[in-house]
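See below for the structure under consideration.
Naming convention: chains lettered A, B, ... in sequence-line order (proteins, then strands); numbering from 1 in each chain.
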Amino acid sequence: MIELPKAYNPQETESRIYKLWEESGFFNPDNLPDKGKGRFSMVLPPPNVTGTLHLGHAVTVTIEDILVRYQRMLGKKTLWLPGTDHAAIATESKIEKELIKKEGKNRNDLGRPAFLKRVDAFAKESQQTILNQLRKMGASLDWSRLAFTLDEKRQRAVYTAFKRMYDAGLIYHGEYLINWDKKGQTTVSDEEVEYETTKGTLYTFRYSKNFPFPIASTRPETKLGDVAVAVHPSGKWKEYIGKKFEIDNFVGTKLTIEVVGDEAVDPEFGTGAVGITPAHSKVDAEIAQRHNLPSKQVINEFGKIMHTGSGLDTLNIQEARDRVVEWLKNENLLEKEEIIEHNIAKAQRSGGIIEILPKRHQFFVNVNKPIVDRDGKTLRELMCEAVTTGKIKIIPERFEKNYFHWIDTLRDWNISRQVWYGHRIPAWCKGEEIKVEQESPGEGWEPIEDTFDTWFSSGLWTFSTLGWPDETMDLKTYHPTDVLETGYDILFFWVARMILMSSFLLGEVPFHTVYLHGLVRDENRKKMSKSLGNVIDPLVMTEKYGTDALRMALIFNTASGTDSVISEEKIKGMKHFANKFWNIARFILMNNTGVMPSSKPKARTDADRVILEQLSAVRESVSRNIEQFQLHEAAQAIYQFIWHDFADVYLEASKPQLKNENKENTEQILLHTLCTTLKLLHPFMPFVTEEIYAQLPITDKKLLLVEEWPR
RNA sequence: GGGCGCUUAGCUCAGUUGGUUAGAGCGACUCGUUUACACCGAGUAGGUCGGGGGUUCGAAUCCCUCAGCGCCCACCA
């Protein structure tokens with residue numbers, strides 16, 4: 001007879017058990033016996049190196065650890081590879097903010113080398129925090145393969161990738177219109193721009209008294225950079241197409257406005273005429289290109305008016321706008337002012353307003369260029385094909401539609417960032433001439449100061465972590481990875497970029513299945529945020545209720561890809577479940593008279609027969625549901641069985657049976673059922689199951705971590 | 001403007017290709033201090049599955065339509 005404590009104590013158990021697992025070496029597939037059952041691999045979406053664990057991470061870790069533990073118990077060589085992301089802009093601005101707060105200096109005061117030294121030091125020191133927090137969640141990650149997006153090996157991968165793409169003509173360079181984040185002082189990709197609906201004033205006016213028709217704009221100050229007016233080729237202003245107007249004085253500057261006819265103009269909207277500002281609008285730039293129009297930049301990177309010679313130069317945007325409007329009023333050129341709803345572009349990261357402006361020495365990934373080595377297909381086509389051919393399956397399936405829709409509207413990817421912390425773009429320039437090399441090509445060549453978009457390096461993650469560009473054993477064995485699990489919010493940022501990179505650089509998909517989970521919300525369906533004060537700290541929850549309880553609560557009753565709601569009550573309920581299970585084991589061990597479990601106990605009573613049938617059904621259900629990524633169904637099935645079939649019914653039925661002549665047989669059924677449920681529950685609640693398993697009277701016992709999945 | 005999705009018990013949500021009395025967790029109510037567990041047990045109440053129409057022997061599930069909510073993408077000056 002073995003006597004367990006009356007209540008399960010996660011605080012006492014968890015760190016001890018985790019240490020046991022870690023020391024066993026079984027997180028590393030090299031130490032797993034080769035059972036000829038194949039392999040399974042997955043990368044952890046690398047958390048920001050300076051971050052701390054939030055519920056989003058907790059969901060990711062829970063789901064992935066369930067998949068990994070299941071596969072490992074199936075006997076596969078199972079690799080789950082950890083790492084951290086340098087998160088260029090996020091980390092840099094975090095450090096700079098602290099620097100300003102503590103020392104009153106910004107990054108420029110320190111200079112690039114000194115500033116980077118600080119960031120590096122902070123990142124290194126900070127990294128342990130998030131890694132230990134992942135351990136706290138019970139993650140069975142192979143720590144021996146830990147990677148960092150900015151470590152030496154990954155740097156080599158990034159440079160190699162860039163060089164190969166550049167040589168293949170997939171990366172071009174020059175002066176282009178970019179999304180400028182004035183606040184963050186960097187360019188950002190189209191994906192990093194968010195739109196916010198606000199009310200603004202639409203001004204309808206003429207450039208001058210003798211201009212034949214009015215135009216409308218919410219940004220009159222940008223009109224200083226106008227070079228043309230576009231009208232519909234068969235609209236009401238078509239007679240003016242081809243005419244040029246010299247405006248001698250528009251708010252103190254000279255404009256040459258050519259009237260062009262373009263299909264892109266909606267003749268019914270507004271005045272039917274659009275002022276064309278090629279330097280500050282992508283749509284206008286496209287029109288300008290079609291008609292061979294010049295471009296005139298009038299807003300600089302600090303959001304000030306420039307190069308107009310109008311007396312507005314050096315004013316900021318709002319001041320300039322007021323002055324332009326005032327001038328229009330004074331000149332009697334303003335015909336209408338109306339309040340309209342329109343979208344303003346903001347940088348996702350900094351929240352700053354995005355200005356479209358031209359910038360030199362920008363690098364872009366061309367998604368529309370045919371690639372010789374890939375049967376003349378473009379990156380866009382390769383990305384599309386990976387999913388249409390079924391080589392990659394996205395779960396839930398509806399996200400495949402999102403993915404295709406995104407690809408349809410995809411433009412070239414600007415990978416240059418004016419951020420210091422990150423992979424420096426290995427390129428040099430002499431005037432407009434450019435050379436891609438790591439070391440200086442010689443006299444007169446200036447280095448490109450920019451760094452890569454952080455997603456450029458994380459796009460390589462499935463293979464850069466496995467040793468690419470070297471042809472390592474790991475790469476051969478574990479790539480393509482089996483599953484990529486992450487939140488649906490980074491499907492485009494990350495998942496799509498990984499498909500792009502792998503398709504071109506390796507000629508294969510980076511993973512076979514993409515499994516997307518939803519966002520975690522609070523009880524009021526609100527997104528959790530610090531400012532709302534509704535944040536549930538996963539670490540506080542594990543402290544209070546145990547990691548197993550948190551894990552179970554996070555997947556219970558939440559379908560894949562659907563936003564889920566978590567409340568402290570739910571976590572508490574799962575703590576009760578852990579304790580219930582503990583007491584089931586306690587009861588069984590308490591009544592054990594030295595009987596060992598057998599794999600095929602005989603049913604002698606109706607109760608025996610029922611529970612064994614139910615056990616067989618739940619075993620099948622849990623396996624099938626995990627295979628199909630229906631973790632909530634699997635969790636529900638095992639929960640239901642343990643609490644309501646096994647405990648409520650069979651344990652009660654067993655009490656009289658333990659007193660009669662079938663005593664030993666009943667003990668065997670109890671032990672067998674316990675043993676099987678321990679295994680079935682282990683991926684979900686690894687700590688309590690391992691702890692109970694350690695108490696079972698079994699000879700030649702392994703860690704539950706590497707026990708064989710019931711079949 | 002285009003696309004995707006949601007609306008099921010008081011609350012939060014499951015419900016896998018249409019199939020017997022629609023489920024769970026939490027909450028509510030009644031009863032129960034029998035040594036596995038009060039972090040518990042036994043039981044009860046509570047839903048015309050958003051409205052309407054259709055297909056079918058049969059619809060929460062498929063189709064149409066209306067209403068409300070959410071997300072993604074594009075962006076018109």
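Side-chain atoms of A:Arg551 come within 3.5 Å of backbone N or O of A:Pro683 as a donor-acceptor pair. Judged purely by atom type and a 3.5 angstrom limit, A:Asn179 uses its side chain to pair as donor or acceptor with the backbone of A:Val188. Looking at A:Thr271, its side chain does come within 3.5 Å of a backbone N or O of A:Pro214 through a donor-acceptor pair. Proximity of a side-chain donor or acceptor of A:Asn592 to a complementary backbone N or O of A:Leu589 within less than 3.5 Å is not detected. Judged by distance alone, the side chain of A:Asn343 and the main-chain N or O of A:Tyr195 form no donor-acceptor pair under 3.5 Å. Listed for the A:Thr253 side chain is no donor-acceptor partner under 3.5 Å among the backbone atoms of A:Phe250.
Pair assignment for B:C6 gives B:G68, based on Watson-Crick or G-U wobble hydrogen-bonding distances that are each under 3.5 Å. Under the Watson-Crick and G-U wobble criteria, each requiring two contacts below 3.5 Å, nucleotide B:A74 is left unpaired. In this structure, B:A22 forms no base pair with any nucleotide, since neither Watson-Crick nor G-U wobble geometry is met with both distances under 3.5 Å. The base-pairing partner of B:C62, taking Watson-Crick or G-U wobble contacts with both distances under 3.5 Å, is B:G54. The partner of B:A14 is absent, by the rule that a Watson-Crick or G-U pair needs both atom distances under 3.5 Å. Base pairing of B:G41 is made with B:C31, judged by Watson-Crick or G-U wobble geometry with both donor-acceptor distances under 3.5 Å.
Backbone-only contact: A:Thr562 has heavy atoms under 4.0 Å from sugar-phosphate atoms and none from a base. Among the heavy atoms of the strands lying under 4.0 Å from A:Ala647 is at least one base atom, whether or not backbone atoms are also near. Within 4.0 Å (heavy atoms only), A:Val283 reaches sugar-phosphate atoms of the nucleic acid but no base atom. Among the atoms of the strands shown, base atoms are found under 4.0 Å from some heavy atom of A:Tyr195.
A salt bridge links A:Arg290 with A:Asp262; the closest basic N to acidic carboxylate O contact falls under 4.0 Å. Ion pairing between a basic and an acidic side chain is recognised when a charged N comes within 4.0 Å of a carboxylate O; A:Arg411 and A:Glu286 show such pairing. The existence of a salt bridge linking A:Glu620 and A:Arg624 is confirmed by a sub-4.0 Å separation between a basic side-chain nitrogen and an acidic carboxylate oxygen.
Separating the P atom of B:G41 from that of B:C26 is a span of 10 Å, rounded to the nearest Å. One C1' atom belongs to B:U8, the other to B:G3, and the distance between them is 26 Å to the nearest Å. Distance noted for atom C1' between B:C49 and B:A22: 8 Å (whole Å). To the nearest whole angstrom, the two C1' atoms, one in B:U55 and one in B:C64, are 11 Å apart. Spacing between B:G54 and B:U12 at atom P, rounded to whole Å, works out to 33 Å. With P as the reference atom, B:G51 and B:A9 are 11 Å apart, rounded to whole Å. Atom P of B:C63 sits at a distance of 10 Å from the matching atom of B:G5, rounded to the whole Å. For the P atoms, the distance linking B:C4 with B:U65 amounts to 13 Å, nearest Å.
The side chain of A:Gln628 lies closest to B:U16 when the candidates are B:A74, B:U16, B:A14. Side-chain proximity of A:Asp648 to B:A77, B:A36, B:G41: nearest is B:G41. Side chain of A:Tyr639, nearest nucleotide from B:C37, B:G41, B:G25: B:G25. Ranking B:A36, B:A24, B:A77 by closeness to the A:Gln636 side chain, first place goes to B:A24. With B:C39, B:A36, B:A77 as the candidates, the nucleotide lying closest to the side chain of A:Lys575 is B:C39.
Between A:Trp643 and B:G41, a side-chain N or O to OP1/OP2 separation shorter than 4.0 Å is present. The side chain of A:His644 contributes no N or O atom lying less than 4.0 Å from OP1 or OP2 of B:G23. Listed pair A:Lys6 / B:U35 fails the phosphate criterion, with no side-chain N or O lying under 4.0 Å from OP1 or OP2. One finds no side-chain N or O of A:Arg586 lying less than 4.0 angstrom from the OP1 or OP2 phosphate oxygen of B:C39.
Atom NZ of A:Lys282 is separated from atom C1' of B:A77 by 17 Å (rounded to the nearest Å). In this structure, the CZ atom of A:Phe577 is 15 Å from the P atom of B:A24, given to the nearest Å. Separating the CG atom of A:Asn9 from the C1' atom of B:C39 is a distance of 13 Å, rounded to the nearest angstrom. For the pair A:Lys346 NZ and B:C75 P, the interatomic distance rounds to 19 Å; values are reported in whole Å. The interatomic distance linking A:Gln640 (CD) with B:A14 (C1') rounds to 12 Å, in whole Å. Atom P of nucleotide B:G1 and atom CD of A:Glu341 are separated by 12 Å, given to the nearest angstrom. Distance CG (A:Leu589) to P (B:A36): 13 Å, rounded to an integer number of Å. Taking atom CG of residue A:Asn557 and atom P of nucleotide B:A14, one finds them 7 Å apart after rounding to whole Å.
In the region residues 393-409 of chain A, proximity to RNA chain B at under 4.0 angstrom, judged on heavy atoms, holds for A:Arg398, A:Lys401, A:His405, A:Thr409.
Sequence order on RNA chain B of the closest nucleotides to A:Phe556 and A:Lys655 puts A:Phe556 first from the 5' end.
Put simply, the side chain of A:Lys580 and the base of B:C37 share a donor and an acceptor less than 3.5 Å apart. Interface remark: the A:Glu652 side chain does form a donor-acceptor pair with the B:A36 base, using a distance-only criterion of under 3.5 Å.
No side-chain donor-acceptor contact under 3.5 Å links A:Gln636 and A:Asn625.
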